[in-house]
Engineer: 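Below is a structure I'd like to ask you about.
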Amino acid sequence: MCTLITNIGELTTNTDAGMLRDAAVLMADGRIAWVGSADAVPADPAGFAEIDADGRAVIPGFVDSHSHIVFGGDRAAEFEARMAGEKYAAGGIRSTVAATRAASEDELRARLRAFIAEMRAQGTTTVEVKSGYGLDIETEQRLVRLAAEETDEVTFLGAHVVPAEYADDPDGYVDLVTGPMLDACAPHARWIDVFCETGAFTVEQSRRVLEAGTARGLLPRVHAGQLGQSGGVRMAIELGAASVDHGTYLSDEDIEALAASDTVLTLLPGVEFSTRQPYPDARRLIDAGVTVALACDTNPGSSFTSSMPFCIAVAVRDMGMTPVEALRAATAGGAAALRRDDIGIIAPGARADLVLLDAPSHVHLSYRPGVPLVHSVWKDGVLA
Ligand code: NIG
Ligand code: FE
């Protein structure tokens, strides 16, 4: 099946071709077949369905490389208390664990699908999904299995926090995560993750988790620097993590090490917004040579937004990113954080994942915050 989008006012390719004006894109069999000027579209004897963008902008579909969207319940009361002055702490995760264990598989699946649909309507065409609200073998396995029904980018996060029943024996919990829980979950996952933070796991425990995961063929990614500086960032780089996520608190050495590495720093502005923490200085990070991604971190505790346009708007308004840098971080940056080269770009051969904005330029994503600017979304060449 072939579809041509023509009369595109501004096309963001995220390739050396840069930003094209008066452009057209041809999609065939789920891939981008051709990109170029609207007046140079190749002739197709079979014809193709034609969409007139009427001067609007087209961008790659958002790649949201960090989410926790298989869970039960919510934590609206915790958010309300935080807005009245309470501090965010990792321990809140345990209340979602209780609600997730109590939920049925059908309930969890229905909610997960609803979140994915919500994301798709806001322009997200690839989403990474983490487990981490089960924290026992059976529930963690259920979460990675459900996630794998919806995405190829599944992350086993058994080391999200130490569950209440192991409060007196955190190392015993790490034994469980690196042993039988990993055995049960690894077949359904691509990634292994750990929350390396005060109130969650130490650098040593995190290293054990990541090494056990990589020994099982999973690829490492790490939550670090959310609530304070820690050695987690450099440990992640040393282990070749695809991404360190959060990075709200980084030392100069962390920034230098990130810039010299292949590890992407995934910034999660929804977290700072919803926990009233200071925003990371993305300008400084980019100027230092760090590759950055933007993701929503959709979860019931620290960031219950699923909107990449919202995250872009905050990154531009409060983190010093230019609109084009923020868009790139939310597309090609997310792809780099997932070590993917077939998404996050609009180029021949890439997946036909793209978004037609109801706006003439990508700048409107941050210029018009909170306004639904997604006109149409194609995933694998199919209109969603
Ligand atoms: O990425 N940092 C760890 N995990 C989530 C928070 C989870 C929660 O509070 O439920 C995060 O922010
Ligand atoms: Fe997270």
Side-chain angles (χ1 to χ4, degrees), residues 64-83 86-101 103 108 111 115 119 127-135 139-140 143 147 153-164 177 191-202 205-206 209 220-230 232-233 236 241-249 264-277 279-280 293-306 311 314 334 337-338:
D64 189 343
S65 60
H66 185 141
S67 89
H68 309 245
I69 51 175
V70 221
F71 63 86
D74 69 39
R75 281 154 50 205
E78 182 189 306
F79 174 78
E80 202 178 6
R82 203 157 56 234
M83 292 304 106
E86 288 291 320
K87 246 184 123 175
Y88 174 82
I93 294 169
R94 291 200 187 108
S95 76
T96 300
V97 170
T100 303
R101 288 177 180 174
L108 293 170
R111 270 199 103 193
F115 285 127
M119 291 170 158
V127 61
E128 178 262 16
V129 178
K130 301 176 198 293
S131 70
Y133 290 119
L135 311 189
T139 320
E140 280 297 307
L143 302 187
E153 304 298 344
V154 177
T155 300
F156 169 48
L157 179 59
H160 199 184
V161 79
V162 176
V177 170
W191 301 97
I192 176 96
D193 194 348
V194 58
F195 187 14
C196 182
E197 197 79 54
T198 306
F201 295 90
T202 65
Q205 290 167 335
S206 300
V209 169
R221 47 200 315 103
V222 179
H223 283 72
Q226 175 180 358
L227 305 172
Q229 285 183 16
S230 81
V233 176
S243 177
V244 172
D245 297 46
H246 287 286
T248 311
Y249 296 94
V264 173
L265 179 65
T266 301
L267 301 171
L268 309 166
V271 174
E272 281 75 41
F273 182 90
S274 303
T275 59
R276 283 234 170 91
Q277 291 216 116
Y279 290 103
L294 280 173
C296 288
D297 193 7
T298 312
N299 77 81
S302 64
S303 175
F304 205 8
T305 180
S306 57
C311 293
V314 175
L338 294 172

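Note that ligands are numbered from 1 as they come in the structure, with each ligand's atoms numbered from 1 the same way.
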Engineer: Indicate the ring-plane relationship of His68 and Tyr133, choosing parallel, tilted or perpendicular according to the 30° and 60° boundaries.
Structural biologist: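 Rings of His68 and Tyr133: tilted, 30 to 60°.
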Engineer: Sort by chain and number the protein N/O/S atoms found under 2.8 Å from the Fe ion (ligand 2).
Structural biologist: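 For the Fe ion (ligand 2), the protein N, O and S atoms that sit under 2.8 Å away are His66 NE2, His68 NE2, His223 NE2, Asp297 OD1.
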Engineer: May I ask you to decide if Ala337's main-chain N or O and Ser65's side chain share a donor-acceptor pair within less than 3.5 Å?
Structural biologist: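 Such a contact is absent between Ser65 side chain and Ala337 backbone.
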Engineer: Contacts table for ligand 1: protein N or O within a distance under 3.5 Å of ligand N or O, distances only.
Structural biologist:
| unit_1 | atom_1 | unit_2 | atom_2 | d |
| --- | --- | --- | --- | --- |
| ligand 1 | 1 (O) | His68 | NE2 | 3.3 |
| ligand 1 | 1 (O) | His223 | NE2 | 3.1 |
| ligand 1 | 1 (O) | His246 | NE2 | 3.0 |
| ligand 1 | 1 (O) | Asp297 | OD1 | 3.1 |
| ligand 1 | 1 (O) | Asp297 | OD2 | 2.6 |
| ligand 1 | 2 (N) | Gln226 | OE1 | 2.7 |
| ligand 1 | 4 (N) | His160 | NE2 | 2.7 |
| ligand 1 | 9 (O) | Arg75 | NH2 | 2.9 |
| ligand 1 | 9 (O) | Tyr88 | OH | 2.5 |
| ligand 1 | 10 (O) | Arg75 | NH1 | 2.7 |
| ligand 1 | 10 (O) | Arg75 | NH2 | 3.4 |
| ligand 1 | 10 (O) | Tyr133 | OH | 2.6 |
| ligand 1 | 12 (O) | Asp297 | OD2 | 2.9 |
| ligand 1 | 12 (O) | Ser302 | OG | 2.5 |

Engineer: Residues in side-chain contact (heavy atoms from CB on, under 4.5 Å) with Ala224, at least two apart?
Structural biologist: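 Ala224 satisfies side-chain contact (heavy atoms from CB on, under 4.5 Å) with Val222, Val233, Val244 only.
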Engineer: Mark yes or no for whether Asp64, through its side chain, and Cys296, through its backbone, hold a donor-acceptor pair below 3.5 Å.
Structural biologist: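 A pair under 3.5 Å: yes.
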Engineer: Could you check Phe304 against Phe273 for ring-ring contact (aromatic ring centres under 6.0 Å, His included), going step by step and ending with a plain yes or no?
Structural biologist: CA-CA 10 Å; Phe304 205 8; Phe273 182 90; over 10 Å; no
Engineer: Where do Val70 and Thr100 come nearest, in terms of heavy atoms and distance?
Structural biologist: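 Heavy atoms only, the tightest pair is O-CG2, 4.4 Å.
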Engineer: With a 3.5 Å distance limit and no angle check, can you tell me whether Glu140 reaches the backbone of Gly132 through a side-chain donor-acceptor pair?
Structural biologist: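 Yes, the answer is positive, given that a donor and an acceptor are paired below the 3.5 Å cut-off.
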Engineer: Return the minimal non-hydrogen interatomic distance between His66 and Glu128, and the atom names on each side.
Structural biologist: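 Distance-wise, the nearest heavy atoms are CA-OE1, 3.2 Å.
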Engineer: Could you list the residues that satisfy side-chain contact (heavy atoms from CB on, under 4.5 Å) with Ala90, not counting sequence neighbours?
Structural biologist: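 side-chain contact (heavy atoms from CB on, under 4.5 Å) list for Ala90, sorted by chain: Phe195.
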